Amino acid sequence: MMTKQEQAVRKRFQRAIGRHRRARTAASWFSLGTILAEAYGVSHELGHELCEGVGDPITCWRHCVRLEPEHAEAWHRLGQAYFELDDRTKAVRALTRAVKLDPHVPSAWNSLGILTLPAPEEDAPARLRRAEGFLRRAIEEDRRGKKLGWEPFAWLAEAAERRRHDPDALAWYSEANKRGDRYAAARKQVIENHGARRRGAPRPSNAK
């Protein structure tokens, strides 16, 4: 038996697919992609069922930007979808396009920062500075921290650690800790006790 949420998503999809069949536009592709992404969020089975004959959310958003290359939100959603799939090249390409069209989306800058950050063993100071610039821009676009919370602060702290700059790392971990990142306090203590050290692997974006 379907839940009320499943019924609501299915109903919205049926309305959207009806409009889409009458006129396949950038707007109709974008709407279908958005509803299908929501369907997958409800259950994989529902998303898979509704995708038949239409394509997955990425396919829909790709159709959208082909018809309307200036559709910033579609580029943003494409970038985040590729980011979640760990397709770094396509994610960076889509998110770069997204921020050019609409530079006021903090999550796009945050994801670009994470994607650009070199691996701990890499010696790539230019990429590191670029990643820090993206993360600072994410904070600038989310001044109250309501959308990103502690995440960009924690990544900036990690970038500072890779630069071996204790004061910056301590400052950013302090900010992350104020915003609820429990991990930040432990890292801050390690730096205070032992100095900045490189970790063996990059911090996952959903770490708590």
Side-chain angles (χ1 to χ4, degrees), residues 1-116 134-135 137-152 155 204-208:
M1 184 176 180
M2 286 190 297
T3 66
K4 289 184 178 180
Q5 188 177 14
E6 289 173 329
Q7 290 174 345
V9 171
R10 188 184 295 276
K11 187 174 182 180
R12 287 173 52 221
F13 176 80
Q14 292 302 329
R15 288 199 299 264
I17 196 67
R19 291 192 295 268
H20 181 70
R21 286 169 178 162
R22 291 192 294 272
R24 298 191 175 196
T25 65
S28 71
W29 280 116
F30 179 77
S31 179
L32 284 174
T34 303
I35 295 170
L36 288 170
E38 185 179 342
Y40 272 109
V42 173
S43 75
H44 180 80
E45 291 74 16
L46 179 62
H48 184 71
E49 176 192 340
L50 297 183
C51 277
E52 290 186 14
V54 179
D56 62 14
I58 286 178
T59 299
C60 293
W61 292 324
R62 284 175 59 87
H63 281 301
C64 174
V65 296
R66 285 195 192 103
L67 292 172
E68 190 178 333
E70 305 299 300
H71 200 303
E73 191 172 355
W75 282 112
H76 173 69
R77 288 180 181 264
L78 265 175
Q80 293 296 343
Y82 285 131
F83 178 83
E84 291 171 9
L85 291 174
D86 200 29
D87 190 331
R88 301 175 74 88
T89 300
K90 289 181 180 179
V92 168
R93 186 182 302 129
L95 290 168
T96 299
R97 187 68 178 269
V99 297
K100 285 181 179 178
L101 293 168
D102 181 2
H104 303 300
V105 182
S107 58
W109 291 109
N110 188 61
S111 294
L112 277 171
I114 296 169
L115 290 164
T116 307
F134 289 147
L135 292 165
R137 183 60 185 269
I139 292 170
E140 182 181 333
E141 296 298 335
D142 184 33
R143 292 184 182 276
R144 297 185 179 181
K146 292 185 176 181
K147 296 180 180 179
L148 300 176
W150 51 261
E151 189 170 343
W155 281 107
S205 62
N206 62 347
K208 298 295 184 182

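Quick caveat: nothing in here was measured; it's all calculated off a predicted structure. One is the number of the first residue; the rest follow in order along the sequence.
At a threshold of 4.5 Å between non-hydrogen side-chain atoms, the residues Val92 and Leu112 count as touching. Counting only heavy atoms from C-beta outward, the side chains of Ser31 and His20 never approach each other to under 4.5 Å. At a threshold of 4.5 Å between non-hydrogen side-chain atoms, the residues Pro152 and Trp109 do not count as touching.
Taking the side-chain hydrogen bond (donor to acceptor under 3.5 Å, both in side chains) definition, one finds that His48 meets it with nothing, sequence neighbours left out. Shown here are the side-chain hydrogen bond (donor to acceptor under 3.5 Å, both in side chains) partners of Thr96, two or more places apart in sequence or in another chain: there are none. Judged as a ring-ring contact (aromatic ring centres under 6.0 Å, His included), and not counting sequence neighbours, Phe13 has no contacts. When the side-chain hydrogen bond (donor to acceptor under 3.5 Å, both in side chains) test is applied to Arg10, the partners found at least two apart in sequence or on another chain are Glu49. Glu38 pairs by the side-chain hydrogen bond (donor to acceptor under 3.5 Å, both in side chains) definition with Arg12, not counting sequence neighbours.
Annotation: the span from His63 atom NE2 to Ile58 atom CD1 amounts to 12.5 Å, rounded to 0.5 Å. Atoms CD and CG, on Glu6 and Leu50 in that order, are 10.0 Å from each other to the nearest 0.5 Å. Taking CD1 of Ile35 as the start and CD of Gln14 as the end, the distance is 10.0 Å to the nearest 0.5 Å.
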Should Glu151 and Ile114 be marked as a side chain to side chain contact (heavy atoms under 4.5 Å, CB included) after you check the CA-CA gap, both sets of side-chain angles, and the distance that decides it? CA-CA 10 Å; Glu151 189 170 343; Ile114 296 169; 3.2 Å; yes
Apply the test side chain to side chain contact (heavy atoms under 4.5 Å, CB included) to residues Trp61 and Asp56: give CA-CA distance (whole Å), side-chain angles for both, the deciding distance (0.1 Å), then the verdict. CA-CA 9 Å; Trp61 292 324; Asp56 62 14; over 6 Å; no
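Glu70 has no carboxylate O lying under 4.0 Å from a charged side-chain N of Lys100, or vice versa, which leaves the two without a salt bridge.
Scanning all heavy atoms of the two residues, the minimum distance from Thr116 to Phe134 falls at OG1-CE1, 3.4 Å. Nearest heavy-atom pair, Val54 versus Thr59, reported as atom, atom and distance to 0.1 Å: O-CG2, 4.3 Å. Nearest heavy atom pair, residue Leu36 against residue Gly47, reads CD2-O, 4.4 Å.
The backbone N or O of Arg24 sits nowhere less than 3.5 Å from a side-chain atom of Ser28 that would complete a donor-acceptor pair. Proximity of a side-chain donor or acceptor of Asp142 to a complementary backbone N or O of Leu148 within less than 3.5 Å is detected.
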I'd like a table of donor-acceptor pairs (distance under 3.5 Å, sequence neighbours excluded) in which one partner is a side-chain atom from residues 71-85, with atom names and distances.
{"unit_1": "His71", "atom_1": "ND1", "unit_2": "Ala74", "atom_2": "N", "d": "3.1"}
{"unit_1": "Glu73", "atom_1": "OE2", "unit_2": "Arg77", "atom_2": "NE", "d": "3.4"}
{"unit_1": "Glu73", "atom_1": "OE2", "unit_2": "Arg77", "atom_2": "NH2", "d": "3.2"}
{"unit_1": "Trp75", "atom_1": "NE1", "unit_2": "Pro69", "atom_2": "O", "d": "2.8"}
{"unit_1": "His76", "atom_1": "NE2", "unit_2": "Ser107", "atom_2": "OG", "d": "3.3"}
{"unit_1": "Gln80", "atom_1": "OE1", "unit_2": "Ser111", "atom_2": "OG", "d": "3.2"}
{"unit_1": "Gln80", "atom_1": "NE2", "unit_2": "Ser107", "atom_2": "O", "d": "3.3"}
{"unit_1": "Gln80", "atom_1": "NE2", "unit_2": "Ser111", "atom_2": "OG", "d": "3.1"}
{"unit_1": "Tyr82", "atom_1": "OH", "unit_2": "Arg62", "atom_2": "NH1", "d": "3.4"}

